[in-house]
Amino acid sequence: MARIVVVGSISMDQVTVTGRRPEPGETVLGTGFEMVPGGKGSNQAIAARRAGSEVEFVGAVGRDLFADRLRAVLDDAGVGTKQLRSVDGPSGIATIIVDTSGENSIIVVPASNATVTELTEADLATIAAADVLLCQLEIPVDTVLAAARHARAHGTAVLLNPSPVQQLSPELWAAVDIAVVNKGEAAELGSALDTVPHVVTTLGGDGAHYRGPDGEFDTPGVAVEVVDTTGAGDTFTGALAAHWHEGPRTALSWACAAGALATTKLGASASIPQREEIERLLGR
Ligand code: RIB
């Protein structure tokens with residue numbers, strides 16, 4: 001069983017469902033609303049856990065009415081929360097609009113996630129003992145760099161999902177072993193990805209593309225009835241990390257199946273499949 005550590009974000013998603021997105025200055029009636037725990041770090045941690053690995057989470061919630069629920073979603077999934085801090089102020093929030101095609105638009109207010117600026121001795125020891133460090137860009141990038149460098153120095157593979165996308169320093173790219181990007185992120189990052197040994201590009205319903213020392217290949221998508229794509233990329237990434245030790249081809253198969261299943265329900269953490277559901281879809 002792989003040991004994964006996620007150094008990343010956790011947020012409460014405010015999900016509004018609408019038939020049509022409003023134009024600037026326009027009001028439309030929505031058809032549903034839910035609050036669902038999310039945040040790319042937390043989603044990926046739960047996905048990696050459900051796909052079959054041991055997971056520890058390093059991050060921060062605030063002291064507000066969302067904090068207990070955010071902590072509980074990780075605890076209930078069996079993700080280790082010893083290194084989840086509670087900090088003064090609000091927890092991270094994401095405002096999400098989902099339309100009837102299942103596509104989403106998201107605004108993230110980092111709040112507590114922005115306070116993850118230091119790694120403790122315990123965080124560093126957890127990173128050094130893990131097989132894979134999993135990071136995104138919803139916490140300060142300097143913390144991601146510190147975590148990645150420490151991982152690299154201790155033989156822990158570094159998987160970066162550079163989302164929300166931004167240009168990163170050569171120092172950070174030099175510490176990344178595996179990048180998971182969607183097509184938009186790949187286009188925006190361009191040649192910065194050339195230095196990364198393994199690059200996995202998600203292609204939505206069409207599956208994913210791999211390039212790296214094992215050559216290049218496509219893993220086809222799995223046809224499902226799409227309800228909400230929120231968190232599908234996170235589920236893909238968590239499952240990929242959980243199965244990375246089995247090689248890229250097997251890991252991408254797990255990731256594509258898990259990501260497809262995550263689109264069949266509303267909400268990020270609420271839609272992350274259990275290992276048995278993924279195995280069933282893979283015909284195992
Ligand atoms: O990737 C989906 C996630 O992005 C949501 O859960 C939301 O919190 C935003 O961080």
Side-chain angles (χ1 to χ4, degrees), residues 6 8-48 50 66 69-70 73 77 91-111 113 134 136-139 161-166 180-189 200-208 221-240 255-273 277:
V6 177
S9 60
I10 180 162
S11 301
M12 186 57 85
D13 291 352
Q14 321 268 337
V15 186
T16 300
V17 184
T18 177
R20 182 172 72 78
R21 276 157 223 274
E23 300 295 333
E26 187 189 17
T27 303
V28 298
L29 292 177
T31 56
F33 175 81
E34 278 189 42
M35 283 201 305
V36 187
K40 294 182 193 300
S42 174
N43 295 339
Q44 293 180 21
I46 294 169
R50 291 193 179 155
F66 300 135
R69 186 146 170 234
L70 292 176
V73 79
S91 301
I93 289 288
T95 301
I96 302 182
I97 299 176
V98 179
D99 66 24
T100 38
S101 72
E103 285 302 329
N104 62 56
S105 313
I106 305 179
I107 301 172
V108 175
V109 179
N113 297 304
L134 194 42
Q136 317 73 30
L137 298 178
E138 291 184 332
I139 60 167
N161 171 221
S163 182
V165 69
Q166 59 171 279
V180 177
V181 290
N182 63 27
K183 279 194 281 190
E185 290 156 358
E188 188 141 348
L189 293 168
V200 178
T201 307
T202 57
L203 307 171
D206 293 331
V222 184
V224 289
E225 193 96 348
V226 176
V227 173
D228 174 15
T229 57
T230 310
D234 296 334
T235 302
F236 176 101
T237 305
L240 187 86
C256 283
L261 287 166
T263 67
T264 62
K265 292 182 194 149
L266 186 70
S269 57
S271 66
I272 298 168
E277 295 173 78

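Because the structure is predicted, anything quoted here is derived from the model rather than measured.
- To the nearest 0.5 Å, atoms OG1 (Thr31) and CZ (Arg20) are separated by 13.0 Å.
- With Arg69 contributing its side chain and Met12 its backbone, the two residues share no donor-acceptor pair below 3.5 Å.
- Using a 4.5 Å heavy-atom cutoff, the side chains of Glu34 and Asp13 are not in contact.
- Side-chain polar atoms of Glu185 and Ser163 form a donor-acceptor pair below 3.5 angstrom.
- Checking side-chain atoms of Glu138 against main-chain N and O of Lys40 turns up a donor-acceptor pair under 3.5 Å.
- Listed here is the closest heavy atom pair of Ala268 and Asn43: CB-ND2, 3.4 Å.
- Under the 4.5 Å side-chain criterion, counting only non-hydrogen atoms from C-beta, Pro162 is not in contact with Gln136.
- Counting only distance, with no hydrogens or angles, the side chain of Asp228 and the backbone of Thr230 share a donor-acceptor pair below 3.5 Å.
- In this structure a side-chain-to-backbone donor-acceptor pair under 3.5 Å is missing from Thr235 to Gly259.
- Across Ala260 and Val224, no two heavy atoms sit closer than the pair O-CG2, 3.5 Å.
- Between Ala232 and Thr263 the shortest heavy-atom distance is CB-CG2, 3.6 Å.
- Considering only heavy atoms from C-beta on, Val36 comes within 4.5 Å of Ser269 through its side chain.
- One finds the CG atom of Asp234 at 7.5 Å from the CD1 atom of Ile272 (value rounded to the nearest 0.5 Å).
- Atom CD1 of residue Ile97 and atom OG1 of residue Thr16 lie 6.5 Å apart, to the nearest 0.5 angstrom.
- A heavy-atom distance below 4.5 Å is not found between the side chains of Asn161 and Leu134.
- Annotation for Glu26: atom CD counts as buried by contact number, over 12 foreign heavy atoms lying within 6.0 Å.
- Contact annotation: the side chain of Ser42 never approaches that of Leu70 to less than 4.5 Å [non-hydrogen atoms, C-beta and beyond].
- In plain terms, the two heavy atoms of Ser9 and Gly39 that are nearest each other are OG-C, 3.7 Å.
- Judged by distance alone, with hydrogens and angles left aside, the side-chain atoms of Asp99 form a donor-acceptor pair with the main-chain N or O of Gly102 at under 3.5 Å.
- Proximity of Val227 to Lys265: side-chain heavy atoms (C-beta onward) are nowhere separated by under 4.5 Å.
- One finds the CD1 atom of Ile139 at 8.0 Å from the CG atom of Asn113 (value rounded to the nearest 0.5 Å).
- Rounding to the nearest 0.5 Å places CD1 of Ile107 at 6.0 Å from OG1 of Thr95.
- To the nearest 0.5 Å, atoms CG (Leu203) and SG (Cys256) are separated by 8.0 Å.
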**Asked** Does the side chain to side chain contact (heavy atoms under 4.5 Å, CB included) test come out yes or no for Val165 and Leu137, once each step is laid out?
**Response** CA-CA 7 Å; Val165 69; Leu137 298 178; 6.0 Å; no
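- Of all the heavy atoms in Ala111 and Ser91, the pair that sits closest is CB-O, 3.4 Å.
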